[in-house]
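Naming convention: chains lettered A, B, ... in sequence-line order (proteins, then strands); numbering from 1 in each chain. Quantities reported herein were computed from a predicted structural model and do not represent experimental measurements.
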Protein chains: 2
Amino acid sequence: MQSNEPPRKTPGERATIHDVARLANVSPATVSKVLRGLGAVKAESVARIHAAVRELGFRVDPLAANLRRSRRSIVGLIVPDFRNPFFGSMVAHFERLAEGSGYRLVTVSSAEKTEREAAQTEALLDWRVAGMIVVPTDGRPAAEASLLDQKVATVLLDRVPDETGFDRVSVNNVEASAAVIRELVARGHRRILLGPSSLDLTNMRDRVDGAMAAARQADIVEDIEVLLCGPDVASAMHAMASRFDEGRLPTAIFTLYSPATLAALREVERRGLVMPRDLSVVGFDDIEWMQVTHPPIAAVIQPVQAIAEVAWAQLMQRLAEPGESPRTVEVACELDLRGSVAGPPA
Amino acid sequence: MQSNEPPRKTPGERATIHDVARLANVSPATVSKVLRGLGAVKAESVARIHAAVRELGFRVDPLAANLRRSRRSIVGLIVPDFRNPFFGSMVAHFERLAEGSGYRLVTVSSAEKTEREAAQTEALLDWRVAGMIVVPTDGRPAAEASLLDQKVATVLLDRVPDETGFDRVSVNNVEASAAVIRELVARGHRRILLGPSSLDLTNMRDRVDGAMAAARQADIVEDIEVLLCGPDVASAMHAMASRFDEGRLPTAIFTLYSPATLAALREVERRGLVMPRDLSVVGFDDIEWMQVTHPPIAAVIQPVQAIAEVAWAQLMQRLAEPGESPRTVEVACELDLRGSVAGPPA
DNA sequence: CTGAAAGCGCTTACAG
DNA sequence: CTGAAAGCGCTTACAG
């Protein structure tokens, strides 16, 4: 880091590599070489160059530096929604990972719309990003053709397609969801409501499938109910409210993403129901507030940090070896059964 | 938006303006002119150029396009923490605002560390951003000298310094906090705990000042207690736990940022206290989960969208008229007194 | 060990 | 109406 008061000679204008070269009495090519630690340069020149860099407060323009290469040292990250803390946390982890790796991270959101995801992807490709990390809006990159066409190293995250030419990282959605159902069944529940956002998302489909498989095992498939809750908190509130209005509630709700958990609790609260006496609730995704409710909400914990680390490592690996065939990694979730779960009402 | 399958001639390589020029039988300069809608060009040439652009799936490289100007068409946004939904929401609003304005948004976080804020600012300046929107880590931009030196249009947000050469947008922290105290006093509270993150942050200081002013008016200054809760949820949990351990709690807690609200509720929950019977709680910042707790938590609502819109308008204005003297805008908050507030225990 | 020249993908005067 | 040339801030062969 440089000091707070860069001793620039020309306030308002940044020094260029030519200014440094002039001051150090060498050519711009030599400055460039020294700055990137390449080749053999006379010690005297090196010293003069470093002095000039300090004197002028010179810092290279990373965008111009990459112009001659076909790819910029930028990684693009596309998430569905900044307001969801799960993705917020993901962004924070990637930002930390990008530091020191020599890549800059540019993060954009698709707002859960495929057209926007496509437009954002194209915009990042316009920047000649070296790589991309994408949480596809509905399980398949919206600008898949362009990504493949331009051969940009890409890792898909969270909502990953079954078949794809890209690297993938996800959690063990099927098994984690099955485990939740098994726990509920073990406590005596039969009538269980599942709350996915939509069945177009591959991760949601996997969660429903896992839950259903466990239900089949327990022979309670016919008692399982699926409520589509839509992309965000607003839609989930609406869906839950309608369902609660209908009456004859199940004895347990397993919400498959955090906005639905929020919506379910809101209805529980509004109608004066008491967890877990009247209703058990388990959410997929653990968020900080889930431990300040009364009782705390049981949750499937996604290891965000591990997901980000694995994905970043995969991306770096692919940038190093573009030819390798795509790999898939599945990270295991943990189930924390908190106070919101008990047996069904007597 | 272009179709999913760009009909590129050279897969893997993007077409350049030279490719377009060659195909359309004109010079690159003419293509450039047409693409930016400048100057007079023969209708025939225009048609051939558009045809070539489509044929090759050409899209300009916005970074290269800006190289000749001293500033890139990029706006940098620095927030303290992506994991805080208040800032997540802010980022989402700015992203939407940037679209269609011809600027691309590059968002980074300071992780509540001034050194990181300084480094992130320098990095964005390296990119020659046209403008910056900064939520200063502790009330004053960490790389202030560089921002001023390079004359980059800058708007400060949320935690704004008292005196500064930059445009500022904040909420009416003093008055909003005073209003909370007045409401609590009106309900009979005297012993009130304030929970700021730190007194180094100008917005926190203003909130404390506003609360204190109202307390003075009500002659209860000596009953006010201030608990520093630190930068994030973890530190706030720790601070709250220690304070609750001490015993002799106040009758009301006014947390001045959402992590402290979370921490306060966690202690309430852990110790089996009942709101508002044993304790009233009001938080500064409204977050979605605050309405799914029992009872819902009273909150000072910051109008994130209005804040973002005002700040963006200011930035655009300053880019248009760099010479004008800095302006300050204060946006009003709304107080929603929900079930977590009542009179003190009898 | 060093520098002149060409190039990255565009735009900007300028000349015609 | 159009194009050749120079330039933005760097890097990359290449020649010496």
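The residues A:Arg14 and A:Asp61 are annotated as not salt-bridged, no charged nitrogen and carboxylate oxygen being separated by less than 4.0 angstrom. Ion pair B:Arg116/A:Glu95 flagged as a salt bridge, since at least one NZ, NE, NH1 or NH2 atom sits closer than 4.0 Å to an Asp/Glu carboxylate oxygen. B:Glu112 and B:Arg159 are joined by a salt bridge, as a carboxylate oxygen and a charged side-chain nitrogen come within less than 4.0 angstrom of each other.
Ring orientation note: the planes of A:Phe82 and B:Phe82 are close to parallel, at an angle under 30° on the 30°/60° scale.
A residue-by-residue look at A:Ser32 and B:Arg68 shows that B:Arg68 has its nearest nucleotide of DNA chain D further toward the 5' end. Where A:Arg36 and B:Asn66 meet DNA chain D, the nucleotide closest to each residue was compared, and B:Asn66 sits on the side nearer the 5' end.
The residue B:Ala65 sits close only to the backbone: its heavy atoms come under 4.0 Å of sugar-phosphate atoms, none of a base.
Distance check on atom P: D:dG7 versus C:dA4 gives 16 Å, rounded to whole Å.
Taking a pair to require two hydrogen-bonding distances under 3.5 Å in either a Watson-Crick or a G-U wobble arrangement, C:dA15 pairs with D:dT2.
Between B:Arg59 and A:Ala123, the closest heavy-atom pair is NH2-N, 3.9 Å.
In summary, contact between chain A and DNA chain D, defined as any nucleotide atom under 4.0 Å from a heavy atom of the protein, begins and ends at D:dG9 to D:dT12 in the 5' to 3' direction.
The neighbour count for A:Arg104 CZ, taken as heavy atoms of other residues, nucleotides or ligands under 6.0 Å away, is above 12.
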